Number of protein chains: 2
Amino acid sequence: MAHNTSGRVSEARSRLLATATRIFYAEGLHAVGIDRIIAEAKVTRATLYRHFPSKDELVVAYLRGVSQADRDGVGRALAADLPAAETLRSIAESIAGGILSDRFRGCAFLNAVAEYPDPGHPVHQAVLAHREWFLRTVTDLFAQVGAAPPEPAGRHFVMLRDGAMTAGCLADPVQVCDTFLKGVDGILRFRLDAAPK
Amino acid sequence: MAHNTSGRVSEARSRLLATATRIFYAEGLHAVGIDRIIAEAKVTRATLYRHFPSKDELVVAYLRGVSQADRDGVGRALAADLPAAETLRSIAESIAGGILSDRFRGCAFLNAVAEYPDPGHPVHQAVLAHREWFLRTVTDLFAQVGAAPPEPAGRHFVMLRDGAMTAGCLADPVQVCDTFLKGVDGILRFRLDAAPK
DNA sequence: TAGCAGATAGAACGGTCAGTATCTCTAAGC
DNA sequence: GCTTAGAGATACTGACCGTTCTATCTGCTA
């Protein structure tokens with residue numbers, strides 16, 4: 001991923017991406033200009049445009065980074081090799097952990113899509129791609145819990161997650177997490193009670 | 001509301017607000033400039049700034065309008081004087097109706113707050129005010145259903161609503177509504193079963 | 001009929017936007 | 001020691017940003 005000819009990752013590039021990630025997440029996409037990012041990353045304009053063909057591509061790279069972090073987190077939960085219900089609980093708890101963390105400002109993807117409503121736009125599509133992966137992953141896990149069709153449960157889980165992530169910075173995060181985790185528990189108990197495996 | 005000295009509502013003003021509402025909702029807040037709005041409202045710059053001191057105030061007026069429409073809708077549901085559980089169901093169905101409607105683009109308030117993360121900003125505060133009203137209204141209704149504390153149920157309802165509204169334009173709206181309405185039904189049945197009134 | 005508020009029209013403000021061009025410096029690889 | 005790529009430093013483009021201004025016209029009300 002973005003090595004130069006000598007095989008090293010460009011320091012300027014990673015500084016750029018880290019800065020963009022921090023500022024974009026904290027302040028929004030359209031609200032932040034290129035000037036802010038290059039100033040705080042201590043990088044010149046020319047360097048930015050050598051690594052990213054446009055601001056939109058920088059935004060996409062930012063979202064890809066967040067997506068990868070999410071996938072890594074879920075990957076760790078899967079690697080623990082617990083029963084699927086426990087894996088789902090652990091994913092939910094890591095979501096709650098994010099909501100409770102400092103400088104939480106909602107879901108990077110939902111925030112991004114609010115600013116890029118055009119479904120054909122690369123930013124919008126990056127969001128859709130991440131969401132499809134997440135829904136698929138969660139649904140696959142529900143398929144291993146109980147016998148009922150897993151799709152409704154997966155959609156229910158994602159809907160609660162979306163609500164929790166958006167409300168997490170608009171209300172008391174502790175209460176939001178409480179509501180979210182109880183909701184997830186409800187889905188799981190309903191499924192385990194209905195058709196224990 | 002915004003009458004001139006002769007007691008009439010300014011036509012230019014309402015045209016302005018209607019246009020702003022349409023474009024802001026469809027395309028976002030920062031992405032849309034004053035020029036677009038005055039051009040499509042067929043109003044001059046000076047007229048806009050006579051009615052709204054700044055773009056931010058125009059955004060706030062737009063959100064106030066949406067908030068009022070929501071309050072009117074809930075008011076009609078309350079006026080039907082059904083049992084509280086039925087009122088909640090009818091509110092949920094009207095939310096689902098919105099999600100299924102043409103040009104649905106998510107929750108105007110959540111979209112706005114994604115662009116105005118600063119909690120002190122008037123736009124952000126307009127969103128918080130609306131959300132507080134909604135949570136309070138829903139919680140009051142849950143207080144009339146069953147005997148358990150209504151706050152968790154109200155928060156659960158709002159969390160599902162938030163998830164449904166955000167996902168409604170990122171996935172199949174029919175499935176989103178199905179998941180949402182089944183979720184609301186779950187909250188209500190749990191409450192009615194646990195402590196029938 | 002006089003007065004005045006509201007709307008129209010159009011120009012202009014300084015600032016910021018994303019993106020491009022040019023030119024120098026540095027450091028690593030051969 | 002030479003080549004080459006990455007990075008730095010500016011300066012610049014043309015467009016758009018929100019906002020202010022002056023000047024004129026219209027139509028209602030007192």
Side-chain angles (χ1 to χ4, degrees), chain A residues 1-21 23-24 26-63 112 115-116 118 121-124 126, chain B residues 1-21 23-24 26-63 112 115-116 118 121-124 126:
Chain A
M1 183 198 210
H3 300 74
N4 53 18
T5 46
S6 47
R8 294 172 301 108
V9 212
S10 156
E11 279 182 35
R13 189 196 144 97
S14 54
R15 220 183 321 143
L16 219 24
L17 201 47
T19 308
T21 297
I23 308 186
F24 278 154
E27 303 186 29
L29 273 13
H30 289 314
V32 175
I34 289 296
D35 291 349
R36 268 287 301 287
I37 293 167
I38 61 172
E40 298 208 21
K42 299 200 195 313
V43 152
T44 58
R45 230 177 186 62
T47 305
L48 187 156
Y49 281 99
R50 195 170 298 119
H51 289 288
F52 303 95
S54 69
K55 184 192 177 182
D56 282 356
E57 287 300 310
L58 179 61
V59 173
V60 170
Y62 146 63
L63 291 176
E115 297 204 54
Y116 289 85
D118 175 8
H121 196 284
V123 170
H124 193 106
Chain B
M1 184 197 205
H3 300 74
N4 52 19
T5 45
S6 47
R8 294 171 303 108
V9 211
S10 157
E11 280 183 34
R13 190 197 143 97
S14 54
R15 221 183 321 144
L16 220 24
L17 200 47
T19 308
T21 298
I23 309 187
F24 278 153
E27 302 185 29
L29 272 15
H30 288 314
V32 175
I34 289 295
D35 292 350
R36 269 287 301 286
I37 292 167
I38 61 172
E40 298 209 20
K42 299 200 195 314
V43 152
T44 59
R45 248 179 176 60
T47 305
L48 188 156
Y49 281 97
R50 192 169 303 115
H51 289 289
F52 304 95
S54 70
K55 183 192 177 183
D56 282 356
E57 287 301 310
L58 179 61
V59 173
V60 169
Y62 145 64
L63 290 176
E115 297 204 53
Y116 289 85
D118 175 8
H121 195 285
V123 170
H124 193 106

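Note that this is a predicted model, so its numbers are computed, not measured. Sequence lines set the chain letters: A, B, ... in the order given, protein chains first and strands last, and positions in each chain run from 1.
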Trainee: In whole Å, what is the span from the CG atom of D35(A) to the P atom of dA9(D)?
Mentor: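 For the pair D35(A) CG and dA9(D) P, the rounded distance is 15 Å.
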Trainee: What's the CG-C1' distance between L48(A) and dG8(D), to the nearest Å?
Mentor: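 Rounding to the nearest Å, CG of L48(A) and C1' of dG8(D) are 14 Å apart.
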Trainee: Has T44(A) got a side-chain N or O lying under 4.0 Å from the OP1 or OP2 atom of dA9(D)?
Mentor: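 It does not, given that no N or O in the side chain of T44(A) lies less than 4.0 Å from OP1 or OP2 of dA9(D).
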Trainee: Give the rounded distance in Å between these two atoms: NZ of K55(B) and P of dC17(D).
Mentor: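 Value for this atom pair: 8 Å.
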Trainee: Looking at H51(A), does any N or O in its side chain come under 4.0 Å of the phosphate oxygens OP1/OP2 on dA7(D)?
Mentor: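 True: H51(A) side-chain N/O within range (under 4.0 Å) of dA7(D) OP1/OP2.
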Trainee: Restricting to non-hydrogen atoms, name the atom on K42(B) and the atom on R15(B) that form the minimum distance, rounded to 0.1 Å.
Mentor: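 Nearest pair, atom of K42(B) first, then R15(B): O-NH1, 2.9 Å.
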Trainee: Please state how far atom CZ in F52(B) lies from atom P in dG18(D), giving the value in whole angstrom units.
Mentor: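 Rounding to the nearest Å, CZ of F52(B) and P of dG18(D) are 15 Å apart.
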Trainee: Which atom names give the shortest non-hydrogen contact between H30(A) and E115(A), and what distance separates them?
Mentor: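 Residues H30(A) and E115(A), closest heavy atoms: N-OE1, 2.9 Å.
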Trainee: Let me know the distance between CG of D56(A) and C1' of dC17(C), rounded to the nearest Å.
Mentor: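 About 13 Å, once rounded to whole Å.
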Trainee: Let me know the distance between NE2 of H30(A) and C1' of dA18(C), rounded to the nearest Å.
Mentor: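 For the pair H30(A) NE2 and dA18(C) C1', the rounded distance is 13 Å.
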Trainee: Test side-chain contact (heavy atoms from CB on, under 4.5 Å) on D118(B) and E27(A) and set out the steps.
Mentor: CA-CA 8 Å; D118(B) 175 8; E27(A) 303 186 29; over 6 Å; no
Trainee: Given 3.5 Å as the limit, does a donor-acceptor pair link the side chain of E40(A) with the main chain of T19(A), or not?
Mentor: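 Checked: no pair found.
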Trainee: Just how far, in rounded Å, is P of dT22(C) from OH of Y49(A)?
Mentor: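 These atoms are roughly 17 Å apart.
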Trainee: Please report, rounded to the nearest Å, how far the P atom of dC16(D) is from the CD1 atom of I37(B).
Mentor: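 These atoms are roughly 16 Å apart.
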Trainee: Please figure out whether T47(A) or A46(B) has its closest DNA chain D nucleotide nearer the 5' end.
Mentor: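 Residue closer to the 5' terminus by nearest nucleotide: T47(A).
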Trainee: Take R50(A) and R45(A), find for each the nucleotide of DNA chain D with the closest heavy atom, and name the residue whose nucleotide sits nearer the 5' end.
Mentor: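 First, find each residue's nearest nucleotide; the 5'-ward one identifies R50(A).
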